Amino acid sequence: MVMTNNENATQSLTRINFAKAAPKAFKALIGFDAAARDGLDPALVELIQIRASLLNGCAYCLHMHTSDARKAGEDEARLHMVGVWREARNFFTEKEQAALALTESVTLVDRGGVPDDVYARAAEHFDEEELARVLALIFTINTWNRIALSTAKVAGEDER
C-alpha cells in the first residue's frame with residue numbers, strides 16, 4: 001500500500017522498543033552513560049545533551065534533558081539560549097562554551113572532524129580525565145539520539 005504524505009502523518013509503523021529488544025546493549029549503554037557523566041558538573045552534562053539533541057533534531061531527548069535541567073534548577077533563560085550559545089555567550093562560562101563547541105564538532109563530525117582549535121580550547125578547560133568523560137558523554141547522547149530517532153520515540157512518552 002502506498003501512502004500519501006498526509007497518510008504517513010496519521011499512520012505510522014510500530015517500531016521496536018530498543019530496551020526490551022536489546023536489553024544487554026541497552027544496559028551497556030546506560031553503564032557507559034553513567035561512567036561518562038561521573039564527576040562532571042550536572043549542569044554541564046545537561047547542556048551537552050541538550051545541544052547534541054538540538055543538532056540531531058531529537059525531540060524526545062531534548063524534552064527529557066530540558067526537563068531534567070529544570071528539575072535540577074537550571075535557569076530558564078540559559079535553556080532558551082543553548083541553540084544560539086555563540087551569540088548568547090554571556091549566559092555561559094568559558095568552560096561551558098568550550099564544551100558546547102566540542103559537542104557540535106563531535107556531533108557534526110562529518111563536517112570535517114574535530115578542528116584542532118576546538119579540541120585545544122576544550123583541553124584548556126578540562127584535564128585529561130574530564131575531557132575523556134566529556135567526549136564519552138557526547139558519544140552517548142549521540143547514540144541515545146539515534147536510538148530515539150530510529151525507533152520513533154515521542155517526546156513526553158515513557159522516557160528511557
Side-chain angles (χ1 to χ4, degrees), residues 15-75 78-86 88-89 91-153 155 157-160:
R15 300 195 186 187
I16 64 166
N17 177 321
F18 184 80
K20 289 181 182 175
K24 288 182 182 178
F26 187 78
K27 287 179 185 176
L29 186 54
I30 288 174
F32 185 44
D33 188 279
R37 63 181 63 224
D38 185 44
L40 294 177
D41 176 9
L44 180 68
V45 167
E46 295 305 332
L47 291 175
I48 289 169
Q49 294 180 359
I50 290 165
R51 185 63 187 132
S53 297
L54 280 165
L55 291 168
N56 287 320
C58 185
Y60 180 82
C61 293
L62 183 60
H63 178 262
M64 178 191 306
H65 295 296
T66 55
S67 295
D68 289 350
R70 282 183 188 96
K71 288 176 194 169
E74 181 60 79
D75 182 67
R78 282 172 35 104
L79 292 177
H80 290 290
M81 296 297 156
V82 173
V84 292
W85 66 269
R86 280 185 181 81
R89 61 188 166 275
F91 286 84
F92 305 101
T93 67
E94 286 289 325
K95 186 173 188 174
E96 290 168 337
Q97 290 176 54
L100 291 168
L102 185 63
T103 300
E104 289 179 0
S105 291
V106 173
T107 300
L108 305 172
V109 71
D110 67 322
R111 296 184 184 174
V114 178
D116 287 344
D117 64 323
V118 170
Y119 188 90
R121 183 178 180 193
E124 288 174 16
H125 295 282
F126 298 96
D127 66 30
E128 193 170 278
E129 291 80 19
E130 285 177 310
L131 184 55
R133 287 194 308 273
V134 166
L135 285 167
L137 181 67
I138 297 166
F139 304 156
T140 61
I141 188 55
N142 276 282
T143 301
W144 287 125
N145 289 167
R146 281 150 179 76
I147 291 169
L149 290 165
S150 299
T151 61
K153 298 291 279 183
E157 288 184 3
D158 70 302
E159 281 150 18
R160 269 195 239 178

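Predicted, not measured: the structure shown is a model, and the values here were computed from it. Heavy-atom basis, side chains included; hydrogens, waters and symmetry copies ignored.
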What are the two closest heavy atoms between Thr66 and Leu79, and how far apart are they?
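What the structure gives for the nearest pair is O-CD1, 4.0 Å.
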How close do Leu100 and Leu47 get, counting heavy atoms only, and between which atoms?
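Reported closest heavy-atom pair: CD2-O, 3.7 Å.
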NZ/NE/NH1/NH2 to OD/OE distance under 4.0 Å, Glu96 and Arg78:
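Result for this pair is yes, salt bridge flagged.
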Donor-acceptor contacts, no H, no angles, side chain residues 107-114, under 3.5 Å, sequence neighbours left out:
from   : atom 1 : to     : atom 2 : distance (Å)
Thr107 : OG1    : Thr103 : O      : 2.7
Thr107 : OG1    : Asn142 : ND2    : 3.0

Set out, in order, the CA-CA distance, both residues' side-chain angles and the distance that settles side chain to side chain contact (heavy atoms under 4.5 Å, CB included) for Glu74 and Glu46, then state yes or no.
CA-CA 9 Å; Glu74 181 60 79; Glu46 295 305 332; 5.9 Å; no
Roughly how far, to the nearest 0.5 Å, is the [atom2] atom of [Y] from the [atom1] atom of [X]?
X	Y	atom1	atom2	value
Leu62	Ser67	CG	OG	9.0 Å
Asp41	Lys95	CG	NZ	7.5 Å
Leu55	Ile141	CG	CD1	11.0 Å
Phe91	Trp85	CZ	CH2	14.5 Å
Cys58	His63	SG	NE2	12.0 Å
Leu29	Thr143	CG	OG1	6.0 Å

Could you work out, with side-chain contact (heavy atoms from CB on, under 4.5 Å) as the rule, every residue matching Ala59, not counting sequence neighbours?
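Testing Ala59 for side-chain contact (heavy atoms from CB on, under 4.5 Å), a comparison that skips the adjacent residues, returns Ala155.
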With sequence neighbours left out, write down each residue that passes side-chain contact (heavy atoms from CB on, under 4.5 Å) with Arg15, or none if nothing qualifies.
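For Arg15, the residues satisfying side-chain contact (heavy atoms from CB on, under 4.5 Å) (neighbours in sequence not counted) are Ala152.
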Non-neighbouring partners of [X] that pass side-chain hydrogen bond (donor to acceptor under 3.5 Å, both in side chains), sequence neighbours left out:
X	value
Arg133	none
Thr140	Asp33
Ser53	Asn145

Show your reasoning for whether side chain to side chain contact (heavy atoms under 4.5 Å, CB included) applies to His65 and Asp68.
CA-CA 5 Å; His65 295 296; Asp68 289 350; 4.1 Å; yes
Apply side chain to side chain contact (heavy atoms under 4.5 Å, CB included) to residues Leu149 and Trp144 and explain how you reach the verdict.
CA-CA 9 Å; Leu149 290 165; Trp144 287 125; over 6 Å; no
Would you say the side-chain atoms of [X] pair up with the backbone N or O of [Y], donor to acceptor, closer than 3.5 Å?
X	Y	answer
Ser150	Ile147	no
Asn56	Ala52	yes
Gln97	Arg89	yes
Glu104	Ala101	no

In this structure, are over 12 heavy atoms from other groups packed under 6.0 Å from Asp127 atom CG?
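More than 12 heavy atoms, drawn from other residues, nucleotides or ligands, come within 6.0 Å of this atom.
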In terms of the angle between their ring planes, are Phe32 and Phe139 parallel, tilted or perpendicular, with boundaries placed at 30° and 60°?
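Aromatic pair Phe32/Phe139 classed parallel.
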Among Glu129, Glu124, Glu128, Glu130, which residue meets the side-chain contact (heavy atoms from CB on, under 4.5 Å) test with Phe126?
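Passing option: Glu130.
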Arg37 and Gln49: CA distance, side-chain angles, deciding distance, side chain to side chain contact (heavy atoms under 4.5 Å, CB included) verdict
CA-CA 11 Å; Arg37 63 181 63 224; Gln49 294 180 359; 2.7 Å; yes
